[in-house]
Chemist: 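Dropping the structure in here first, questions after.
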Amino acid sequence: MKTCVIVFPASNCDRDVAVALEKMGASPKMVWHGETDLPATDLIVLPGGFSYGDYLRSGAMAARAPIMREVLKRASKGTPVLGICNGFQILTEAGLLPGALMRNAGLKFICKTVAVTVENNETIFTARHTQGQHIHIPIAHHDGNYFADEDTLDHLEGEGRVVLRYDDNPNGSARNIAGIVNKSGTILGMMPHPERSIDPLTGTCDGKALFESLVEALA
Amino acid sequence: MKARIHITLKDGVLDPQGKAIEGALGDLGFLGLDAVRQGKYLEMNLTETDPAKALTQVTAMCEKLLANTVIENYTIDFETV
Amino acid sequence: MKARIHITLKDGVLDPQGKAIEGALGDLGFLGLDAVRQGKYLEMNLTETDPAKALTQVTAMCEKLLANTVIENYTIDFETV
Amino acid sequence: MTAFAEGISAATVREHGLTEDEYGQILKRMGRPPNYTELGIFSVMWSEHCSYKSSRRWLKELPTTGAQVICGPGENAGIVDIGDGQAAVFKMESHNHPSFIEPYQGAATGVGGIMRDVFTMGARPVANLNALRFGDPAHEKTRHLVSGVVAGIGGYGNCMGVPTVGGEVNFHPSYNGNILVNAMTVGVVDQDKIFYSAAKGVGNPVVYVGSKTGRDGIHGATMASAEFDDNSDEKRPTVQVGDPFTEKLLLEACLELMAGDAIIAIQDMGAAGLTSSSVEMASKGEVGIELNLDQVPCRETGMQPYEMMLSESQERMLMVLHPGRQEAARAIFDKWGLDFAVIGLTTNTGHLTLNYQDEVVADIPVEGLTEDAPIYDRPWTSTPKPATLKADACPPPDDLGAALLTLMGSPDLASRRWIWEQYDHSVMADTVGGPGGDAAIVRIHGTNKGLAITTDVTPRYCQADPIEGGRQAVAEAWRNLTAVGATPLAMTDCLNFGNPERPRIMGQFVECLSGMGEAGRALDFPIVSGNVSLYNETNGEAILPTPAIGGVGVIRDLAKRAHVALEETGDVLLAVGKTGGHLGQSLFAREIHAREDGAPPPVDLATERRNGNFVRTCIEKGMTTSVHDISDGGLYVAVAEMALAGGIGAALEAPHTNTHGFLFGEDQARYVLAVRPDQVDRILSQAQDASVPAQILGHVGGAGLTVNAGRAVSLSTLREVHEGWFATTLSTRT
Ligand SMILES: Nc1ncnc2c1ncn2[C@@H]1O[C@H](COP(=O)(O)OP(=O)(O)O)[C@@H](O)[C@H]1O
Ligand SMILES: [Mg+2]
């Protein structure tokens, strides 16, 4: 499987996700935000971090970076895109996913391992999970409070696009949403960090199944 | 010319910061206030001197970057320096 | 009465956000602009109807909580609803 | 009659924090009166913060060498060998005064500054820690200060993508007007890729990179060397604003440049910015430096040489490059969107020469700024040895369980989760042991090795008996590293004290250092870097003497490590080390009997070493994976923390006389181990062979803690009081 990780100024989980992909046998290419072209790839990853310092709005400036034009093009042709944390914020800012990620309801940055339910295991990202599985996975964000209008939320729910839901809402997200996909199920945005959950030495391993699902689906 | 841009959350969009500020003001003993909303205020200097052109330019900036029109409104005014 | 509060960084205080926004606008091809500064804009409704009293009250809020007077200035104005 | 340059008076000299005497020395060195810019440069270089004039004489007596030491004090950070051609680079630094004035930005820029000290040397920062002291929790400013400092530390470190993995926090009224914010960074570097700050050669380009220079923090270094009084608010505009986004770019750009061989010397611009960075590079390399200030990237118009030289704008670096490498270097900084300017040259004059608008605006022999800086052997008085606290001063509590709950919910023992959940402690995906343990453990990327890191000091012990307190701070750091299974390597320090011009305070400094030095030697635990922060006083009220120690150790095989959590019902609890029931200066005495007197527990360094080595061996041999050192609050608190971490209770057996001394005494050199029943005999006999006291304490199991089968304290109640304190006392809505 060929993968690309987009590196924005002040991305800081780019290495972590590259390590995770490598571990799953996918060799990631790191692509600088200023590039205008992407190599052939089966998966595009927008990593976590603080692109542009999260100034103005999280993900806002990154969503307008030169490389994003190409990401949008590929995404529209069906190339899968995974946005983790800051990557999720970038996906909403770029209009690839609906809604917005606002300041956590408690206003504080939160870093901890939380319980999340897999609400839909019929996506390329979650096939290795069971439906309704509770997984434990770290979050680390200041702006993870998912917002969308009621109509949009109803649509997301109705179409099975709420893929991950917090068991105990840490940040005020509408309907406890932790991750959603686009209509065609090829783009996932999620606040939790699966790449920090692949090694028993550093915590839980529940994030591994996401990468395994992708490898299986895209190999 | 100096442009002044106000970016505020749309009605109906929850404002965690505004809510927290309202709570904190209450804790400090300030009474008789509600509907606290927090927005952004941006200033910049433009070399453009024609007001109509400047408005077009700044509107484009807001649409493309400065505001997230899914959740935010913006207003623009100018001050001649 | 509606209070409108602008909180801006004092002159000479570094504004990392403004700087980054200026850079991003440049990258997007917007030319002829500089000195981008980002501040906060707050609105709230007050039950107080006397302008002088309202000003005293909001000034106290700014001093105690809303503005960080070490690095920020604030201005207050009112709008009668 | 003293001579002054035009526009300068005796008052100007005083305002620059220089004494008449010091000014006299400047005249002598210069052979003429310094102009305003030169005076400013002398004032910052001769400030306490940069010159260590009160402390240097005593710092020299600390142990700083060892087979593991690659670079001791004198560079931006200390460096120790961690095997396999790699090294750990670390240092701790204070940002006390700025954080009191503006907690968010003060703490944030403190974190930014210490990270620069580490990546200046070529290392990628892999962990941040912080040692914090605040005033009385009930003091009107405390809540605001705690929220701001914690948010600032998180705001900077989180954005940088460097995990904040540990630290310490205490509250005491002596910090009401002088909080302490000490930040530590640890980085990892390949030994053949270390960069130093000594400039070399003549005619080599001096290059400025990073952010532009503004009028920030002018006189920050002298501010950090002055006492506060009620007018300190007026000094406010000197606060600097941090830009972690730019620092992240600076980090990546510097490491990219460092992968090649363009750099001769590099130095961050910290306190006293362009002045101290250029002077230090010149001084270390024994060359001169000539700067053309017209080339300095400025944020504001009309900045004067004085302002450019003294600005403390953040996120800047100064480098000396090999000639001809400027353009390749510039391309890297352009790519990262950072300023890059050639602002000068190395020279053979031995002078710092500044040109501005075609005029020489300053010309100072570098040695005058460094070697000639005053050194004071300040008068000091020894702290009288306190009397040992009498047993009847600390009678048994009515209810041991209630006393435990009081302690576990007290400010100095309550869970710090509220703080560390605001720090990203898992980014980089190498955090093996995050906050909440004895020492944090960070895996060295791509290996099966780990660094263990801790910060420690017990200021109330240092106040009561500075020598004992100095020993204890070092011993506790060493013990915390040992408790996770690490081999302690070396330490950094941040020496926070009051006004050294008062003999009593100077005595605290001298005696704490004497204790620290002794402990460092006895434990093979040299000091490789550090920082001194004096004048932590407001209106004559000094802080408790607070020599914070940052300890670093290595775990060669991460499979062989321990954590604090109890694991399994039926495991046996052992105490290693002798429990004598020392209650003087204990938290029990303070929280239950409101007594802050008596002698602190004595530290026997040979015992410390023997007991620690024994515990480490037990971990290495796989005989235990559940270990906690016994410190604040004593044995019962240690067991309670292990129980909460593991979610299992324990039943303790304690002597029937002086039970509370046994449970709450703070005797040193002790650990609690939980072991499988089949290991007990083996451990006890090996302990005996090693002359290490060890005894059975009780058993793991149940939903609460009991002593001698008495009434249980339920874990849920314990958790509630333990976790609740910060959230209820300190949580503010903004
Ligand atoms: N208490 C101390 N113990 C050991 N070394 C110290 C101590 N204080 C300062 N040093 C060393 O002195 C040098 C200068 O310190 P400092 O001026 O704080 O560095 P920087 O300019 O990087 O902030 C550093 O190498 C530092 O490690
Ligand atoms: Mg330095």
Side-chain angles (χ1 to χ4, degrees), chain A residues 8 33 51-66 68-69 72 88-110 141-153 155-156 169-177 180 189, chain B residues 2-30 33-46 48 54-79:
Chain A
F8 299 97
H33 72 113
S51 58
Y52 296 91
D54 272 0
Y55 298 152
L56 189 64
R57 295 179 310 277
S58 299
M61 296 188 226
R64 280 98 186 152
M68 286 304 290
R69 200 167 301 182
L72 262 74
F88 187 8
Q89 294 159 344
I90 295 168
L91 287 173
T92 59
E93 281 283 345
L96 285 172
L97 290 174
L101 290 143
M102 315 210 14
R103 181 70 13 133
N104 293 343
L107 301 190
K108 293 188 170 26
F109 187 95
I110 310 169
H141 58 247
H142 212 163
D143 298 307
N145 182 350
Y146 184 73
F147 171 86
D149 59 47
E150 288 299 314
D151 262 9
T152 306
L153 292 170
H155 268 103
L156 288 173
N169 194 336
N171 55 22
S173 285
R175 309 209 185 159
N176 303 331
I177 286 174
I180 56 171
Chain B
K2 185 167 170 179
R4 300 157 34 104
I5 306 163
H6 287 84
I7 301 166
T8 50
L9 286 170
K10 288 185 174 167
D11 282 346
V13 175
L14 153 132
D15 175 7
Q17 270 133 321
K19 224 174 90 188
I21 291 170
E22 191 168 316
L25 286 171
D27 291 349
L28 287 174
F30 290 104
L33 62 102
D34 67 358
V36 178
R37 304 281 282 172
Q38 174 169 331
K40 287 187 194 110
Y41 170 66
L42 291 167
E43 293 176 349
M44 63 179 74
N45 289 336
L46 300 175
E48 182 60 65
L55 182 61
T56 314
Q57 191 188 21
V58 180
T59 304
M61 291 181 203
C62 287
E63 291 287 330
K64 281 209 182 148
L65 176 70
L66 302 179
N68 177 347
T69 52
V70 175
I71 49 171
E72 293 170 330
N73 292 322
Y74 59 89
T75 61
I76 300 166
D77 55 283
F78 296 99
E79 204 179 273

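So that the names make sense, note that chain A is the first sequence line, chain B the second, and so on, each numbered from 1.
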Chemist: Under a 4.5 Å cutoff for heavy-atom pairs, which residue among V13(B), D15(B), I71(B), L42(B) has the most contacts with chain A?
Modeler: V13(B)
Chemist: Taking salt bridge (Lys or Arg N to Asp or Glu O under 4.0 Å) as the cut-off, I'd like each qualifying pair that reaches into residues 65-78 of chain B, sequence neighbours left out, listed once.
Modeler: R57(A)-E72(B), R4(B)-D77(B), K40(B)-E72(B)
Chemist: Just so I know, are the side chains of P16(B) and N145(A) near enough to count as touching, which here means a heavy-atom distance under 4.5 Å?
Modeler: yes
Chemist: Just how far is it from atom CD of Q38(B) to atom CZ of R103(A), taken to the nearest 0.5 Å?
Modeler: 9.0 Å
Chemist: With a 4.5 angstrom heavy-atom cut-off, is it the side chain or the backbone of I7(B) that approaches chain A, or both, or neither?
Modeler: neither
Chemist: Please state whether the side chain, the backbone, both or neither of K10(B) comes within less than 4.5 Å of a heavy atom of chain A.
Modeler: neither
Chemist: Atom CG in L14(B), atom CE in M102(A): separation rounded to 0.5 Å?
Modeler: 6.0 Å
Chemist: Taking side chain as everything from C-beta outward and backbone as N, CA, C, O, which of these in L65(B) sits under 4.5 Å from a heavy atom of chain A? Side chain, backbone, both or neither.
Modeler: both
Chemist: Sequence neighbours excluded, which residues qualify as side-chain contact (heavy atoms from CB on, under 4.5 Å) partners of R175(A)?
Modeler: E150(A), L153(A), D154(A), E157(A), R165(A), I177(A)
